[in-house]
Amino acid sequence: MNVLERVPVREQDAKERATNFKEVCLGYNMEEAIAEAQRCIGCKNAQCVKGCPVAINIPGFIDEVKKGDIAAAYQVISEASALPAVCGRVCPQESQCEGKCLRGIKGDPVSIGKLERFVADYAREHDIKPEVHTEKKGKKVAVIGSGPAGLTCAGDLAKAGYDATIFEALHEAGGVLIYGIPEFRLPKEDVVEKEIQNVKELGVKIETNVVVGKSVTIDELMEKEGFEAVFIGSGAGLPKFMGIPGENLNGVFSANEYLTRSNLMKAFREENPTPIMRGRKVAVVGGGNVAMDAARTALRLGAETHIVYRRSEEELPARVEEVHHAKEEGIIFNLLTNPVEILADENGCVRGIRCVKMELGEPDESGRRRPVVKKGSEFEIELDTVIMALGTSPNPLISSTTEGLEVNKWKCIIADEANGKTTKEGVYAGGDAVTGAATVILAMGAGKAAAKGIDEYLSAR
């Protein structure tokens, strides 16, 4: 075995997977996992842990994998993370834990994410549960939103002895894990639902179909229902558009709506009653993970699918792995290209987009080179569907119905990064509701920090 090279992970064949919604990555088996774990040099001052937003004891769990004690490895991970099977699949490990791995200086970093996934899947298949030893504190905390931030915060609060109740606006728990990430990246029944069940088994209660700000307000939760603290992890579900002509045509969707129809409502199954646009030729505008998810979903629904992005491939914000998978499956990348108008046919439906070619100038505030329009470069692409994947912002419903809760100019809730504390006493917030759209693991880190902040607040009362 060459210790400088990671053990390759098995994947579904690209041509085959482009026609189905089964999971792309097949993960490690026991032999492969132990072999990959052997590559870890067990650093004393582990930089990988510093790169993990929830501070998993990575050398500790990998050491247990080396011994073949996967149950012990799972307990090590569970001390820090409530969603290891999710994180092992969707975290950007290359820029976090694996990006700090010392083994990666002269070779491939250890496949920490794939090992975490293996451990979590093994635990699920062998009915291994997190060990919890908690004395109840007799205090109630409300958690708004059942996405990664809310699940993590509620799970940590339950472990600390609090009576945590999650209020979810939709009919199914999971937040972005359920409605935003496709089945082929994150299986719902086998992975998400099982991890949510583990959180419930910690003692967390989940109430669905409760729209906080409409069904009940935060003040009512605290003053009438006896919750002594509230965590807001309501995410960022309000889609952004470009503001170009034609965005109101039939055949234009936000990625949020398109993916929700497919993922939560199972519209990719022809027998399901929820409709979804099965375009012949689709353009997804944007270059992030959500854009890749929407494009790969459209491809599986039978469309020739294009990514239209105004910068070059080097500036694509999507994970390298997602871009690689998209290319393998046949997604066409129209880079350095920006739409200026969506074109209509005689029936008010999309017939194409008018675009301009771009070139990269000086870096902007994000550090990426600013795209500049090339003069005289207009051209058209014939299409019948356009999906806008330009990011999302928080829904203002909660902030507009909660006196004393301040937001910034982007309508994100103002909260202390270290402990989630907002401008309203007893109310904490974290995840996309605070930062705008970000990653699952960053939302989990914020939920974890807020749980600690809430514990300190309630312990002092």
Side-chain angles (χ1 to χ4, degrees), residues 92 147 175-176 179-182 235-263 276-277 279 282-299 303 305-319 322-323 326 331-343 350 352-358 360 364-373 381 383 385-396 408-412 431-440 442-443:
V176 71
Y179 72 75
I181 303 175
L238 199 63
K240 296 178 182 177
F241 288 87
M242 293 184 72
I244 60 176
E247 282 185 311
N248 61 343
L249 293 172
N250 292 324
V252 179
F253 298 88
S254 70
N256 213 36
E257 177 190 352
Y258 189 79
L259 289 170
T260 299
R261 285 177 180 272
S262 177
N263 301 333
I276 193 167
M277 184 78 174
V282 176
V284 178
V285 182
N289 290 327
V290 174
M292 300 303 146
D293 287 345
R296 295 171 69 196
T297 296
L299 180 82
T305 307
H306 296 245
I307 288 283
V308 178
Y309 181 61
R310 62 184 184 153
R311 289 182 165 100
S312 71
E313 184 169 345
E314 285 183 8
E315 286 79 29
L316 280 168
R319 293 183 67 190
E322 301 308 320
V323 175
I331 303 294
I332 300 162
F333 283 73
N334 297 98
L335 302 173
L336 291 168
T337 301
N338 205 37
V340 292
E341 183 181 1
I342 302 173
L343 307 171
V350 173
I353 52 173
R354 180 172 292 120
C355 300
V356 289
K357 283 290 185 183
M358 312 294 286
L360 296 179
D364 61 14
E365 61 277 1
S366 72
R368 294 180 297 172
R369 293 171 65 195
R370 187 186 302 276
V372 180
V373 176
I381 303 175
L383 302 162
T385 309
V386 177
I387 301 170
M388 293 292 184
L390 304 168
T392 52
S393 58
N395 189 310
N408 61 24
K409 63 181 180 180
W410 298 285
K411 306 299 182 186
C412 296
D432 292 3
V434 171
T435 61
T439 62
V440 167
L442 288 175

Quick one, [X] and [Y] - any side-chain contact, counting heavy atoms below 4.5 Å?
{"X": "R310", "Y": "R370", "answer": "no"}
{"X": "V340", "Y": "I244", "answer": "no"}
{"X": "C355", "Y": "N334", "answer": "no"}
{"X": "Y309", "Y": "P371", "answer": "no"}
{"X": "M358", "Y": "V373", "answer": "yes"}
{"X": "I387", "Y": "M277", "answer": "no"}
{"X": "F333", "Y": "L316", "answer": "yes"}
{"X": "L360", "Y": "S312", "answer": "yes"}

Working to the nearest 0.5 angstrom, can you tell me the gap between [X] [atom1] and [Y] [atom2]?
{"X": "R319", "Y": "N289", "atom1": "CZ", "atom2": "CG", "result": "7.0 Å"}
{"X": "H306", "Y": "T385", "atom1": "NE2", "atom2": "OG1", "result": "11.5 Å"}
{"X": "I331", "Y": "I307", "atom1": "CD1", "atom2": "CD1", "result": "6.5 Å"}
{"X": "I276", "Y": "R261", "atom1": "CD1", "atom2": "CZ", "result": "7.5 Å"}
{"X": "I342", "Y": "I381", "atom1": "CD1", "atom2": "CD1", "result": "11.5 Å"}
{"X": "R296", "Y": "L259", "atom1": "CZ", "atom2": "CG", "result": "11.5 Å"}

Do any N or O atoms from the side chain of [X] and from the backbone of [Y] form a donor-acceptor pair under 3.5 angstrom?
{"X": "T337", "Y": "L335", "result": "yes"}
{"X": "D432", "Y": "A438", "result": "yes"}
{"X": "E247", "Y": "M242", "result": "yes"}
{"X": "T305", "Y": "V282", "result": "no"}

Heavy-atom closest contact (A255 atom, A294 atom, distance):
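Shortest heavy-atom separation between A255 and A294 comes out as CB-CB, 4.4 Å.
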With a 6.0 Å cut-off (strictly less than), is the heavy-atom count around NZ of K357, excluding the residue itself, greater than 12?
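It does: K357 NZ has more than 12 such atoms within range.
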Answer yes or no: is there an ion pair linking R369 with E314, defined by an N-O contact shorter than 4.0 Å?
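Here R369 does not pair with E314 in a salt bridge, since their nearest N and O are not under 4.0 Å apart.
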